Amino acid sequence: MKYEPKSFEKKWQVKWEESNIFKTEEDSLKPKCYILDMFPYPSGAGLHVGHFKGYVATDILSRYRRMQGFNVLHPMGWDAFGLPAENYAIKTGTHPEIVTKQNIENIKKQMKDAGLSYDWSKEIDTTDPNYYKWTQWIFLKMFEKGLAYEANMPINWCPSCKTGLANEEVVAGACERCGTLVKQKKLRQWVLRITKYAERLLNDLDDLDWGAEIKEMQKNWIGKSEGAEISFKIEDEELKVFTTRPDTLFGCTYVVLAPENELVLKLKERIENKKELEDYLEKTKLKTERERIAEVKEKTGVQLLGVMALNPANGKKIPVFVADYVLAHYGTGAVMAVPAHDERDYEFAKGFNLDVLEVVKGGDILKEAYTGEGVLVNSGDFNGMESSLAKEKIVDFLKAKKVVKYKLRDWIFSRQRYWGEPIPLIHCPKCGIVPVSIKELPLKLPKVLNYEPTNTGESPLANIAEWINVKCPICNEDAKRETNTMPQWAGSCFYYLRFIDPKNEKEIVNKKDEKHFMPVDLYVGGAEHAVLHLLYSRFWHKFLYDIGVVSEKEPFKKLRNVGLILAHDGQKMSKSKGNTVSSEEIINEFGVDTLRVYEMFMGPFFDAISWNMQGVKGVSRFLNRFWNFCIECKENKFESSENILREENILIKKVEEDLEEMKFNTAIAFFMEFLNFVEKRKTEVSLKTMETVLKLFYPFAPHMAEELWNILGNETFISLEKWPAYDSKLMIEDVMELIVQVNGKVRDKIEVNANLSKGDLEKIALKSEKVQKWLKEKEVKKIIFVPPKLINIVI
RNA sequence: GCCGAGGUGGUGGAAUUGGCAGACACGUAUGCCUUAGGAGCAUAUGCCUUCGGGUGUGAGGGUUCAAAUCCCUCCCUCGGCACCA
């Protein structure tokens with residue numbers, strides 16, 4: 001009987017589905033385990049082999065946990081709002097809903113063909129009104145609590161996607177989606193007050209079992225700085241600056257305002273060089289974010305002639321500048337410049353020939369700015385003090401305020417596009433902004449004729465009079481609906497909750513099941529969402545915690561990032577490059593189990609590794625050998641020897657340990673080693689041993705395992721078998737190899753009885769001919785014994 | 001520039017509580033089988049070698065009986081952030 005995966009893989013997929021064996025149990029007494037994949041955007045291109053890597057890993061772990069007796073929740077759904085479907089609609093006139101449905105069907109089939117053990121009864125789709133009713137509900141709750149606010153401000157605008165973007169969606173000055181350079185555009189916006197949660201989003205990272213890279217990225221993104229707010233007098237006006245180095249205040253030889261700082265306008269009227277200032281302001285306004293970044297090396301600015309600021313530490317008069325190296329949106333939009341101890345101020349001061357006054361010892365300020373700590377000089381009463389202490393003392397002396405600042409900015413939440421959740425608000429000329437009544441949710445996305453975004457910064461919804469024009473829910477006068485939609489990230493902020501209770505019409509999730517299944521025990525997906533989805537969903541979750549909807553502070557207890565599968569050429573796989581490998585192709589030629597085992601064997605799960613067709617063949621060869629060996633075992637009916645039982649128990653232990661750490665590659669290597677070992681000792685392997693190994697291998701190659709289990713004479717599903725337990729007593733060796741080193745170098749390996757004492761082993765080691773050769777005429781200084789089997793003779 | 005991850009054969013990688021470096025696989029070579037092989041099986045495979053051995057985990061130094069693993073200095077690759085005061 002040959003290994004022909006095509007002849008049975010589909011059969012088992014159908015049987016699994018018919019028997020509902022992957023369905024999460026309701027009101028189960030078993031311990032729960034929630035294993036979640038980042039749900040995909042149902043793109044028209046479908047899935048290629050790279051997409052499966054993470055899904056296979058969570059599938060393996062889900063099957064493993066089920067065998068261990070857990071009630072596993074392992075669902076799948078669709079993050080289906082977004083631009084590709086909408087752009088396709090613009091091109092073809094097909095409604096995004098229709099395209100989305102088709103794409104979902106296609107990808108779902110691909111997933112089913114891959115034998116992934118999802119509980120499909122839990123399936124969700126973020127574009128389903130029954131789903132986005134809850135997205136809108138959460139938004140209204142945020143609105144109610146003052147966390148959603150309207151603002152008219154310059155934001156990042158993608159000229160290609162014709163929509164505003166969140167800060168997190170701008171990568172190196174370009175749109176995260178399409179790579180077009182972003183422009184600044186002043187727009188009326190809905191903004192979510194994520195900054196209110198900055199401190200909690202930062203602190204709660206500590207308790208999460210996430211990879212170091214993602215935690216660091218979030219930390220840096222939130223960007224907490226502790227410092228002080230210090231007041232300077234500029235004539236009769238007050239200028240507030242934020243600094244993390246109040247200890248350097250005596251070294252402040254000028255102050256700088258951002259061009260956008262309000263005080264600039266106030267001072268403009270009384271300075272001598274008004275024209276020069278106006279030219280500069282005009283020039284900076286025209287610069288894009290990108291140009292500002294490119295000009296980091298050359299710092300420009302204008303001194304406000306005729307006004308001076310007062311350094312509050314020593315009462316000295318210092319010049320005032322406007323320069324675009326100071327950012328308007330951070331701190332107070334102004335800085336106290338300490339050229340001796342800040343690189344940027346140093347550069348600016350050099351360019352404008354300003355005083356550089358050393359106040360902290362430790363560097364050579366003739367060469368460069370010294371940004372480290374040290375002892376204060378030129379600082380009046382504070383001379384001789386350590387800067388760490390001076391920070392406190394100078395703040396006290398000024399009676400200034402200690403403050404904390406974050407780089408994190410509020411979340412620009414509205415999009416000027418069609419295919420997203422409508423924001424459920426109404427603009428009433430009398431009553432202002434009025435929320436749609438919760439009873440009216442979902443506020444459905446209306447049908448439009450034209451999906452094309454406008455250039456005016458309004459969504460296509462603005463053109464549908466019958467939808468826009470409503471009566472105000474409060475005063476019943478004529479009013480208009482909000483026409484912006486929500487960003488793509490909205491629907492994924494809480495989907496993990498909806499999986500628990502997808503059909504509930506009364507609440508997002510019922511309390512009992514939420515308590516039972518949350519938090520997610522393992523969350524697997526790509527690292528590209530580090531500061532997008534993963535930050536946004538933590539924010540929403542904390543909000544839901546505050547209003548009592550959820551009982552845990554954090555949604556994802558453990559997060560692991562799947563490493564990319566690169567194309568053969570080391571490039572990222574993409575349809576446009578034409579270097580993708582289709583999963584259908586691999587499944588057709590080698591079977592699903594080969595695809596699964598190969599993807600897990602390629603290398604460490606978390607690393608990016610190139611696809612290699614030779615490697616696929618190697619795995620296919622191994623599965624063939626495994627199959628053949630199993631069939632032979634059935635025919636032969638031997639009893640397992642002690643040696644085999646030992647290897648069997650060691651295998652159980654090793655596979656279990658590696659699965660816990662997601663070290664799939666080494667787990668599979670152990671199976672290969674085991675097979676290499678037993679193939680030489682065929683007559684010592686029992687059917688029982690083989691069945692145990694089959695259970696261990698089942699999560700990796702479930703189709704093959706089911707088929708072999710059946711061939712070995714079992715009527716039941718191997719899927720429903722218990723995970724084997726190992727017996728440490730059976731793992732003890734009676735013979736071992738003694739390693740003998742001389743001065744740390746291996747000189748002999750001797751087969752010895754494992755029960756010998758240290759003294760006996762030393763005698764054997766010294767007697768060895770090979771070792772004797774090295775000991776000739778030398779004095780043995782010391783013998784070091786490292787249990788259980790290494791001896792180092794020092795001469 | 002700052003932060004993070006990493007650097008091991010021809011290749012993917014194993015070994016991280018300091019204790020046999022190179023598991024497992026790919027590739028390659030030789031042989032067997034075959035009408036044939038992009039099939040299967042067997043053996044070998046870090047490098048150098050005068051066949052005694054020497055040497056070897058990015059480079060250099062240190063600690064130790066013993067270092068891929070710990071410490072110091074430096075280099076390189078990848079990812080993120082990027083005038084955040």
Side-chain angles (χ1 to χ4, degrees), chain A residues 171-173 211-221 223-225 227 241-246 248 252 255-256 258 292-299 323-338 341-345 347-348 371 405-409 527-528 530-531 561 564 598 601-604 606-622 624-625 628 663 665-676 679 737-749 773 781-795:
Chain A
V171 178
E213 356 36 89
I214 305 281
K215 277 197 193 185
E216 277 305 308
M217 272 192 238
Q218 292 212 352
K219 263 185 205 166
N220 292 341
W221 193 260
K224 180 178 179 176
S225 302
V241 302
F242 170 68
T243 179
T244 55
R245 295 294 303 270
T248 64
C252 169
V255 293
V256 192
R292 276 205 187 186
I293 291 166
E295 285 169 12
V296 164
K297 288 261 152 69
E298 281 174 61
K299 290 193 168 33
D324 68 358
Y325 83 90
V326 173
L327 303 174
H329 56 71
Y330 184 75
T332 61
V335 300
M336 56 175 238
V338 185
H341 305 291
D342 182 281
E343 284 161 14
R344 298 149 300 184
D345 299 341
E347 243 177 81
F348 188 82
T371 57
K405 297 280 179 195
Y406 303 91
K407 286 190 209 172
L408 184 71
R409 288 193 251 168
E528 66 273 17
V531 291
N561 294 110
L564 280 180
Y598 171 64
F601 184 62
M602 290 175 88
F606 316 107
D607 292 0
I609 301 165
S610 297
W611 187 264
N612 175 3
M613 218 51 209
Q614 295 299 337
V616 179
K617 286 178 189 166
V619 165
S620 171
R621 207 146 45 214
F622 163 64
N624 261 291
R625 277 171 55 213
N628 292 338
K663 288 161 80 175
N665 54 331
T666 47
I668 291 164
F670 289 137
F671 283 107
M672 291 172 171
E673 268 183 87
F674 181 82
L675 189 64
N676 291 344
E679 274 190 335
E737 197 179 45
L738 181 71
I739 314 292
V740 188
Q741 296 181 332
V742 178
N743 279 359
K745 290 198 169 134
V746 178
R747 296 303 181 187
D748 201 6
K749 296 180 182 187
K773 216 171 66 184
K781 276 193 197 155
K782 214 197 297 184
I783 297 176
I784 290 157
F785 175 64
V786 185
K789 54 182 188 179
L790 189 135
I791 282 179
N792 189 13
I793 301 166
V794 187
I795 55 170

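Protein chains get the first letters and strands the later ones, always in sequence-line order, with residue 1 at the start of each. Atom set for the values below is all heavy atoms of this structure, side chains included, hydrogens, waters and symmetry mates excluded. In this text the structure is predicted, and so the values were computed from the model without any measurement.
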Of Val256(A), Val255(A), Thr243(A), the residue whose pairing with Val335(A) passes side-chain contact (heavy atoms from CB on, under 4.5 Å):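 The option that passes is Val256(A).
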Without decimals, in angstroms, what is the distance between [X] [atom1] and [N] [atom2]?
X	N	atom1	atom2	value
Lys745(A)	G52(B)	NZ	C1'	14 Å
Met217(A)	A82(B)	CE	P	12 Å
Asn665(A)	A15(B)	CG	P	8 Å
Tyr325(A)	A85(B)	OH	P	13 Å
Tyr598(A)	A25(B)	OH	P	15 Å
Ile668(A)	C26(B)	CD1	P	13 Å
Glu213(A)	C78(B)	CD	P	17 Å
Asn792(A)	C65(B)	CG	C1'	5 Å

- prompt: Of the candidate nucleotides G13(B), C24(B), C41(B), which contains the atom at the shortest distance from the side chain of Pro604(A)?
  reply: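 The listed nucleotide nearest to Pro604(A)'s side chain is G13(B).
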- request: Report yes or no: does Tyr598(A) contribute a side-chain atom to a donor-acceptor pair with the main-chain N or O of Ser620(A) at less than 3.5 Å?
  value: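 Absent.
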- prompt: Does G46(B) sit syn or anti, given that only angles within 90° of 0 count as syn?
  reply: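 The base of G46(B) is oriented anti (glycosidic angle more than 90° from 0).
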Chi-angle category of G4(B) [syn within 90° of 0, anti beyond]: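 Here the answer is anti: the torsion falls beyond 90° from 0.
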field: Distance test, side-chain N/O of Arg621(A) to OP1/OP2 of C26(B), below 4.0 Å
entry: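 Indeed, a polar side-chain atom of Arg621(A) lies that close.
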- prompt: Given A23(B), is OP1 or OP2 found less than 4.0 Å from the side-chain N or O atoms of Lys663(A)?
  reply: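 It does not, given that no N or O in the side chain of Lys663(A) lies less than 4.0 Å from OP1 or OP2 of A23(B).
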query: Side chain of Lys407(A), base of C81(B): donor and acceptor closer than 3.5 Å?
result: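 Absent.
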- prompt: Would you say the side-chain atoms of Arg245(A) and His341(A) include a donor-acceptor pair closer than 3.5 Å?
  reply: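 Short answer, no.
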query: Met602(A) versus Val619(A): any side-chain heavy-atom pair under 4.5 Å?
result: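 Of all side-chain heavy-atom pairs linking Val619(A) with Met602(A), none is under 4.5 Å.
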- request: Scan Val794(A) against the nucleic acid and name what it touches under 4.0 Å (heavy atoms): base, sugar-phosphate only, or nothing.
  value: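 The answer is sugar-phosphate, as Val794(A) gets under 4.0 Å only of primed atoms, P, OP1 or OP2.
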